[in-house]
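Here the structure is laid out as structure tokens; the discussion comes afterwards.
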Protein chains: 2
Amino acid sequence: MADEEPTSIWMQPEAHERSGPGRRPGYSREQITRTAVQIADAEGVEAATMRRIAGELGTGAMSLYRYVPRRDDLFDLMIDLAMSEIELPDGPSGDWRGDLTLLARQTRAAGLRHPWLIALLTSRPTLGPNLLRVHEFALSAFNGTGLDIDDITGFVGMLNDYVHSAIRREIGWLEEARRTGLDPERWKRDYMGPYVRQVVESGAFPLFNRSVLDSRTAHLAPEERFRHGLDRILDAIAALIPSLRPR
Amino acid sequence: MADEEPTSIWMQPEAHERSGPGRRPGYSREQITRTAVQIADAEGVEAATMRRIAGELGTGAMSLYRYVPRRDDLFDLMIDLAMSEIELPDGPSGDWRGDLTLLARQTRAAGLRHPWLIALLTSRPTLGPNLLRVHEFALSAFNGTGLDIDDITGFVGMLNDYVHSAIRREIGWLEEARRTGLDPERWKRDYMGPYVRQVVESGAFPLFNRSVLDSRTAHLAPEERFRHGLDRILDAIAALIPSLRPR
DNA sequence: AGTCATTCAGGTACCATGTACGCAAATGGA
DNA sequence: TCCATTTGCGTACATGGTACCTGAATGACT
């Protein structure tokens, strides 16, 4: 292989597209990525090591480097594979609220199916084709509302910020429990519980106490809570769109 | 040391508080944490290894484990130390918008001083005393607006989601450049640039193109951009508060 | 003062990780 | 048939977290 200049994984052609002399590749980026995703889903990203992925494929760890330059690039591929599961119509329906609600739900579903997705997505600047596709759909939902591109980008950002954070809140502590090796119930009761109880009983943070003790939304099902927050964001956006304000 | 049951780091007493027989501790959690923060600031979290921190302190790696059960707990301590730098008045001023703007700016400053802070903070469910202090201040800013605790929690969440994401957007690609070992300018031009150019020239994502090419806010100074987004969030919150709506 | 349980310092060691390097096997063009 | 090229992958190295162990320090009790 020629000296690979360091550039985005999306610029580097797949091995099997080549024609000419040389041994035919026995694997593919997609196959490797799919395997990595399966392992990460079942046991966490930290279990998706090069050796483990290769083992699952019945090959040696170093073989993977014929397809992926660095492990970080594999993360980008994993993100994009997960994003590819987000099914959206070809174009906006004209109902921006409905379109964005659909997108938010699909994103949440993908985030729950792949508990590592949001953490990876927000921890590195990646722009895979499927992320672009999804992002374009979000932007397009505001087409026809008379907003300029900066406002559209801002609103889509607001929505993304909420969706990502909400998903993180929903699964964050579950992932932490898994990482520490405790089962979630034990983690909540024995690990985090005593500290929170002590903080609450100290009375040092009265509003925090109210948010823990007096919350009604805390007892909602996760999906309801997600929907609640989503509606609030969409309400906020609607309130800021002049052309929609006098409704 | 007695068999430590696995519980939050904040529940485990410092060694120097103990009285009774035994050698006196030569270090402290604070000292260790401060060293870790310095290294992480200068070279990234991944450089703040147990060996490296211990080396900086002139001791052996295993000595640190007398003060910190696991490396992850050290992360919690680092987060809290960074949060302790966020200076806030003792109570809300009555001007919720001003209070939250102050908080947002202080958070941004801490996030820029410690480029690893937001990534750690949002990647694990942690609740150190300084995070609680800051969170309590945010909640208290809405005291007296007649909102119930769930709405307050929701708005503070909206604000936090924005602030964290905005900081991440501001430094995310710089961190990525550092991780890959390229200087930021090269990374943008040689690594990410060619791909983005190809995407733009393909014309496949017209609204994405407009957001890249026609954006006015993209050319603002980072601080202005942050302020822009912050104002939009605060506007959105204001628009949702019934008691403030008819202004 | 002497004894001793207790605690700290830190070296050694084990295992897992990403990945550089090199060589043999496979493959298609000349 | 030859050979440049590419893949498969074993070996090896540097680096990581941390379990375990020994020896030194220290205060309480006799």
Side-chain angles (χ1 to χ4, degrees), chain A residues 1-4 6 9 12-29 31-32 35-36 39-40 43-78 124 179-181, chain B residues 1-4 6 9 12-29 31-32 35-36 39-40 43-78 124 179-181:
Chain A
M1 201 186 305
D3 229 20
E4 288 297 340
I9 179 78
Q12 304 183 28
E14 271 261 39
H16 72 265
E17 293 164 354
R18 190 186 46 78
S19 79
R23 190 168 164 180
R24 306 279 78 182
Y27 307 93
S28 70
R29 273 189 200 160
Q31 186 184 10
I32 292 167
T35 306
I39 297 172
E43 304 165 44
V45 247
E46 71 276 6
T49 67
M50 300 305 267
R51 275 175 242 262
R52 179 70 200 285
I53 297 164
E56 211 78 28
L57 287 167
T59 181
M62 292 314 293
S63 302
L64 305 185
Y65 286 93
R66 296 278 168 194
Y67 303 86
V68 175
R70 313 184 326 269
R71 189 169 186 240
D72 283 2
D73 291 313
L74 184 55
F75 286 154
D76 283 347
L77 293 172
M78 290 171 68
R124 48 192 297 98
R179 274 193 298 268
T180 52
Chain B
M1 203 186 306
D3 229 20
E4 288 298 340
I9 179 78
Q12 304 184 28
E14 272 260 40
H16 72 264
E17 293 164 354
R18 191 187 45 77
S19 78
R23 190 168 165 179
R24 304 280 79 180
Y27 307 93
S28 71
R29 271 187 201 162
Q31 187 183 10
I32 292 167
T35 306
I39 298 171
E43 305 166 43
V45 247
E46 71 277 6
T49 67
M50 300 305 267
R51 275 176 242 257
R52 178 72 198 283
I53 297 165
E56 211 78 28
L57 287 166
T59 183
M62 293 314 293
S63 302
L64 305 186
Y65 286 94
R66 294 279 163 191
Y67 303 86
V68 175
R70 313 184 328 267
R71 189 168 186 241
D72 283 3
D73 291 312
L74 184 55
F75 287 154
D76 284 347
L77 293 172
M78 291 171 67
R124 47 194 295 97
R179 274 194 298 267
T180 52

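Quick note on labels: first sequence line is chain A, next is B, and so on, each numbered from 1.
When the side chain to side chain contact (heavy atoms under 4.5 Å, CB included) test is applied to B/Arg24, the partners found at least two apart in sequence or on another chain are B/Arg18. For the salt bridge (charged side-chain N to carboxylate O under 4.0 Å, His left out) test, residues two or more places apart in sequence or in another chain that qualify with A/Arg52 are A/Glu43, A/Glu56.
Proximity of a side-chain donor or acceptor of B/Arg51 to a complementary backbone N or O of B/Ala61 within less than 3.5 Å is not detected.
For a distance-only test at 3.5 Å, the side chain of B/Arg71 fails to qualify as a donor-acceptor partner of the base of D/dG16.
Under the 4.5 Å side-chain criterion, counting only non-hydrogen atoms from C-beta, B/Leu74 is not in contact with B/Leu64. By the 4.5 Å heavy-atom criterion applied to side chains, B/Arg66 and B/Pro25 are not counted as neighbours.
What you find for B/Thr180 and A/Arg70 is that their closest heavy atoms are CG2-NH2, 3.7 Å.
Rounded to whole angstrom, the span from the CD atom of A/Glu46 across to the P atom of D/dG17 amounts to 15 Å. Protein atom CZ of B/Arg51 is 13 Å distant from nucleotide atom P of D/dA19, rounded to whole Å.
Here A/Ser63 lies in heavy-atom contact (under 4.0 Å) with a base.
Between D/dT7, C/dT19, D/dT18, one nucleotide has an atom nearer to the side chain of A/Met50 than all others, and that is C/dT19. Residue B/Met62 has its side chain nearest to D/dT18 when only C/dT19, D/dC9, D/dT18 are considered.
Each of A/Pro25 and B/Ala61 lies near DNA chain D, and the nucleotide nearest A/Pro25 is the one positioned closer to the 5' end.
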Scan nucleotides 25-28 of chain C against the protein and return all N/O pairs shorter than 3.5 Å with their distances rounded to 0.1 Å.
| unit_1 | atom_1 | unit_2 | atom_2 | d |
| --- | --- | --- | --- | --- |
| C/dT27 | O4' | A/Gly22 | O | 3.4 |
| C/dT27 | O2 | A/Gly22 | N | 3.1 |

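The phosphate of D/dG8 has OP1 or OP2 within less than 4.0 Å of a side-chain N or O from A/Tyr67.
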